[in-house]
Structures are given as C-alpha cells and as structure tokens.
**Q** 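Once you've had a glance at the structure underneath, I'll fire off some questions.
Throughout, protein chains are lettered first and strands after them, A, B, ... in sequence-line order, and every chain is numbered starting at 1. On a predicted model such as this, the values are computed, not experimentally measured, just so you know.
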2 protein chains.
Amino acid sequence: MASDSLPEKKRISESTIHRLSLYYRALTVLEKEGFETVSSKGLAKREKLTPAQVRKDLSFFGSFGTRGLGYPVVELRDKISQILGIDRSWRVALVGIGNIGSALVSYKEFQKQGFQIVKLFDNDQRKIGSNHKGIVVSDIKNLANELEPDNIEMVVLAVPATVAQYIVDDIVKAGIKAILNFAPVNLKVPDDVFLRNENMSMELEYLSFALVNDHIPKRVR
Amino acid sequence: MASDSLPEKKRISESTIHRLSLYYRALTVLEKEGFETVSSKGLAKREKLTPAQVRKDLSFFGSFGTRGLGYPVVELRDKISQILGIDRSWRVALVGIGNIGSALVSYKEFQKQGFQIVKLFDNDQRKIGSNHKGIVVSDIKNLANELEPDNIEMVVLAVPATVAQYIVDDIVKAGIKAILNFAPVNLKVPDDVFLRNENMSMELEYLSFALVNDHIPKRVR
DNA sequence: ATTTTCTTGTGAAGCATTTCACATATTTGA
DNA sequence: TCAAATATGTGAAATGCTTCACAAGAAAAT
Ligand SMILES: NC(=O)c1ccc[n+]([C@@H]2O[C@H](COP(=O)([O-])OP(=O)(O)OC[C@H]3O[C@@H](n4cnc5c(N)ncnc54)[C@H](O)[C@@H]3O)[C@@H](O)[C@H]2O)c1
Ligand SMILES: NC(=O)c1ccc[n+]([C@@H]2O[C@H](COP(=O)([O-])OP(=O)(O)OC[C@H]3O[C@@H](n4cnc5c(N)ncnc54)[C@H](O)[C@@H]3O)[C@@H](O)[C@H]2O)c1
C-alpha cells in the first residue's frame, strides 16, 4: 500500500499528566528526606494511588526503575521535570492585577518552579504604572504591542468574567499558545491554543454535592 | 438466599458532577438571555460537550426534559442546584488570611453563590483581631473551640504547605467533613471527610507539558 | 387529524483508563 | 554461589466513561 497511517503521536491522558506533577512533588520531598530510591509502592502510598498506576504512568515515557530496587529519586525527579517541560523556565504574563492577580504575583513558589511572571497588564488607571514585585503594570491597550510570543509563552488571566473573552481573543491574536484562566466562563480559543481553567466555585460545589449526597465518586482523581 | 447485596447507592463520576456545575452556569446565562428552553445540543455547544453527554449526565438524576422541545431553562437550573446542594447556603471558615486567603474573602461571588465565609483564622498576631469584610480574624489557637460543625460546614485552607497537615488534623478533630485545600501537599484525612485540592502549579505544569509536547490529551475534561 | 420534525432518554457499543498478574531482572542474605 | 526476596515493566482483563443509535414522546406544520 502506498501510505500506512502516520505513526501517531502517543497521546497521554490528562490524569497521567496530573499525576506526573504529583510524583514530581513527592520526589522532591523524598530527596529532602534523604531517600536515594523509592518503589512504585512507596510513591503510590504518598499520593494515595496504586503501585500499578505509578508504574504504568511512568512506562509511557520509558523505563526508569531497577527491578528489585525501585526508582532512583533524583534521577526520576529530573526525568519527570524534563517530561513536564519544567526543567527550564517559562515567561508568563498576568492580565488583571486584582485580588487573585495580586496574590499570584506575590507567590514566590511559581518563580522557584520556573514560572516567571515578567509582565503585568490591567485597564485600571490607578494600577497602570504601579510596581508589583519589580514589575510595572502595563496598560491593557498595549497588549498587542507588548505581548510578543518570542518573549512571553504563557498568559494567566485574572480579569472579570465579563471581559475575559475579549481579552483572550487579543491574547490569541498576539500568538500566545497557553492560557490559564481564572474567570468562571467558558472561553473560546482555536484548537492550537492550550487553555486550562481554574474554577474554585466548581470545587466548592463539588464539596456541597458530596456533603448533600454523602458521595464518594467512582474514581477519585 | 438470606441476603442479597444492599441496593448500592448510585455512584456518580467526578466528571459528571463537574459538568453539572458547567450546566448550572450555562443555564444561569441562558435565563439572563431570555431563553425558556434549551436542547441538549444547545447546552452541549456552550460547554464544548456532546449532546449525548449532557443527556446522559442528567439522566442519572431523573428526566427533566420534554421530547421535541428540550429542557426548561429555569426549572433545570433549579433542579441542578438541588442536586449540587447549592439551593441553600453553606457556612464556610477560612484558615490562613494571606495572599490567597484575602483574595477569597474579598470575592463577592462566593457569597452570592451561597458559600458564606463567616469565620477567619490565622496565627499571625498582626492579623488576629483585624477585620476583613466585617469578620474579625480569630486566633488559630481557638480553632478547636470556635469551629463547631453545627455552625461551620466547610473549611477553606490557605496556609503554608508546611503547617497544612497539622491544621487539617485539628479541623478533622473538630468534626468538619468538607475541606478545600490550596496548599500544594497531599493531606491525609479520614475516609468520611471530603477533601478537594486546588493546585495552580499543576495547571501551569500541564500547560508546560502541552507546549513542550504539542499535546492534545485523549480526552479533554 | 395526520404527518413531519424535533429531541429526549437509554441500552448497547466503543473507547479510555485502571488494575491485575506474572515473566523477568536485580538485590539481598545465607 | 545460590536461594529468597523484591520490584519493575507490560500484555491482558476489568472497570469506567463517552458516544452511538434509535424507539418513543411531544411539538409544529399541514
Ligand atoms: N478573588 C477570588 O477569590 C476569585 C475566586 C474565583 C474566581 N475568581 C475570578 O478571578 C477573576 C479575577 O477576580 P478578582 O477577585 O481578582 O477580581 P478583581 O476585580 O479584584 O480584579 C480584576 C482585575 O482585572 C482588571 N480589569 C478589569 N477589566 C479589565 C480589562 N478589560 N483589561 C485588563 N484588566 C482589566 C481590574 O482592573 C482588576 O484589577 C474573576 O473572573 C473572578 O471571577 C476570583
Ligand atoms: N498566593 C498564591 O498565588 C498561591 C498559589 C498557589 C498556591 N498557594 C498556596 O496557598 C497557600 C497560601 O498561600 P499564600 O500566598 O496566601 O501564603 P501567605 O503566606 O500569604 O499566607 C499564609 C497565611 O497563613 C497564615 N498562617 C501561617 N501559619 C499558620 C498557622 N499555623 N495557623 C494559621 N494560620 C497560619 C499566615 O499568617 C498567612 O496569613 C500556600 O500553601 C501556598 O502554597 C498560593
């Protein structure tokens, strides 16, 4: 036959990616605690997962363990950080320097993890020009000029829900491909833009449901 | 036979519960826009889901639609709010009045949605006694006395990761059954306590992974 | 009244994810 | 050196979740 289907890129589930974050965090702690190796069982226990789940997740990306011994803590952590792309730093812009936005700018852990907030935007005249942790707030009007994908790789959106779609449209136009949105609204973006939503109300509603229905879900994430 | 297995309580998946939140939000918007009914197709489109998914989710809880017509917007919204348990208000305590904690207290939407923050705790002498939106910050030392499950039904935890487990132990001891945690740490709680984590780093790491791997997950939540 | 159109509700099929179970590799202890 | 213990990596089975597809009910059109 002339054309077999192209070797399709292996697709990883969202859950696996989230668990990689958990493993990464656990391994960081294990290193601090002085462990040199850890078994899938040990790792699983820390994150309330099964050993098989841990092994399967890691197996999507390679073989990192030693039979009879387990995984080398530091090596595995470094490997996961490569997989997640957090073995480098990311330049992040933050739009909306309100309650949540200010909390995010002040949060030093992001910086340490390599998510560097390097640009701030707002439309409030009292905020524009002001200084937050060494960064001067730019006027949102200049977003198109000042948001270069060469420079900024991710945008965190912390503006009111009512304006979020307009702003996201501009962000997309500027060529940004990754957005973390805090506004409780379903934003429309093209297929090649990665959008994640942080929806706190949803988690409170989940708790409400759980209390009212005394609910244990089939599968806990 | 003497004993058939008890009619097991229908377990609903986490995804379905989260989608109920989305439907609720969409229906609120639809009502404002003046729609009296909406089809599963219409609802699906707004939330980037399939009509079958919408119908299946709702079918777990009953039959709310009319064939040939769709679902009555207001009625369905009210029904979902009953299912989620948000047709009432919840009394919430917030522990840790720092960057995130302050943002949450100032957020009026929670109040509107029925999540009433009615008690604040911190261990910082400069914060204890101070007033946030009409609530005086209590000393964390008094948590055991002042956190009565009769009065407080949920706790939001916004303290440093290093102390989160100690505090959560006290919260559990006080009899609280629902906790929303912002600290990036895997907290241990008994099986009858519902715990949800809000982990922003995880979402940034997801975006990082997506950019590095040009990744579209198998299933988008 | 009757037909056509629309749309729900739901088993069943299809697909994704988790768990099982074991061959295999390595370490540990005797 | 060898046996026992440990623990990975992975097909296959089991479980869970989503989508299909269609019968059936209701509305709209004729
Ligand atoms: N505060 C919370 O605890 C919380 C919780 C959950 C969700 N959220 C959501 O996060 C978002 C931000 O919430 P917040 O409490 O920080 O609100 P906020 O009002 O304190 O901050 C919003 C900021 O966006 C700016 N802004 C408004 N319009 C803008 C525009 N067109 N361009 C640029 N900047 C603009 C405002 O000047 C302000 O600084 C909202 O969508 C809110 O629903 C907040
Ligand atoms: N700020 C952010 O944007 C952000 C983002 C993601 C996660 N988080 C997490 O949320 C949590 C809070 O972050 P933050 O930035 O608001 O930190 P913060 O230091 O500003 O606030 C923490 C608050 O907890 C109080 N606290 C400390 N120990 C306490 C104790 N034993 N009992 C009671 N209160 C105590 C402090 O006094 C302070 O008010 C942290 O776990 C952090 O990792 C924060």
**Q** Tell me if the NZ atom of B:Lys32 is crowded by more than 12 foreign heavy atoms within 6.0 Å.
**A** no
**Q** I want to verify a distance call: between D:dC20, C:dT18, C:dC22, whose nearest atom is closest to the A:Gln53 side chain?
**A**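 Comparing D:dC20, C:dT18, C:dC22 against the side chain of A:Gln53, the answer is C:dT18.
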**Q** Would you call the rings of B:Tyr206 and B:Phe209 parallel, tilted or perpendicular if under 30° counts as parallel and over 60° as perpendicular?
**A** tilted
**Q** Could you list the donor-acceptor pairs under 3.5 angstrom formed between side-chain atoms of residues 60-84 of chain A and any protein atom two or more places apart in sequence or on another chain?
**A**
residue: A:Arg77; atom: NH1; partner: A:Glu31; partner atom: OE1; Å: 2.4
residue: A:Ser81; atom: OG; partner: A:Asp78; partner atom: O; Å: 2.9

**Q** To the nearest Å, give me how far apart NZ (B:Lys56) and C1' (D:dC22) are.
**A**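 Checked: the NZ to C1' distance equals 13 Å.
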**Q** Please report, rounded to the nearest Å, how far the P atom of C:dA16 is from the CD atom of B:Glu14.
**A**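 Taking atom P of C:dA16 as the reference, CD of B:Glu14 is at 20 Å.
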**Q** Looking at A:Glu205 and B:Arg25, is any side-chain nitrogen of the basic one under 4.0 Å from a carboxylate oxygen of the acidic one?
**A**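 No, this pair does not count.
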**Q** Does OP1 or OP2 of D:dG16 have a side-chain N or O of B:Arg11 closer than 4.0 Å?
**A** no
**Q** Could you check whether A:Glu14 pairs with A:Arg196 (Lys NZ or Arg NE/NH1/NH2 to Asp/Glu carboxylate O, under 4.0 Å)?
**A**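 Yes, charged N to carboxylate O under 4.0 Å.
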**Q** Around B:Glu47, counting heavy atoms of other residues, nucleotides and ligands shown, do more than 12 lie under 6.0 Å from its CD?
**A**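 Yes, CD of B:Glu47 has more than 12 neighbouring heavy atoms, counting only those of other groups under 6.0 Å.
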**Q** Report yes if at least one side-chain N or O of B:Ser15 is closer than 4.0 Å to OP1 or OP2 of D:dC17; otherwise report no.
**A** no
**Q** If you check the A:Arg19 side chain, which of C:dT18, C:dG11, C:dT19 turns out closest?
**A** C:dT18
**Q** Measure the CG-CD distance between A:Asp170 and A:Gln165 for me, rounded to the nearest 0.5 Å.
**A** 10.5 Å
**Q** Please round to the nearest 0.5 Å and tell me the distance separating atom CD1 of B:Ile117 and atom CG of B:Leu94.
**A**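 CG of B:Leu94 is found 5.0 Å from CD1 of B:Ile117.
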**Q** Can you tell me how far P of D:dT19 sits from CG of B:Asp57, to the nearest Å?
**A** 10 Å
**Q** Scan residues 30-44 of chain B against DNA chain D and write down, sorted by residue number, each residue with any heavy atom closer than 4.0 Å; if none is found, say none.
**A**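 Those residues: none at all.
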**Q** Could you identify which residues of residues 58-84 of chain B place a heavy atom less than 4.0 Å from some atom of DNA chain D, listed by residue number, or say none?
**A** B:Thr66, B:Arg67, B:Gly68
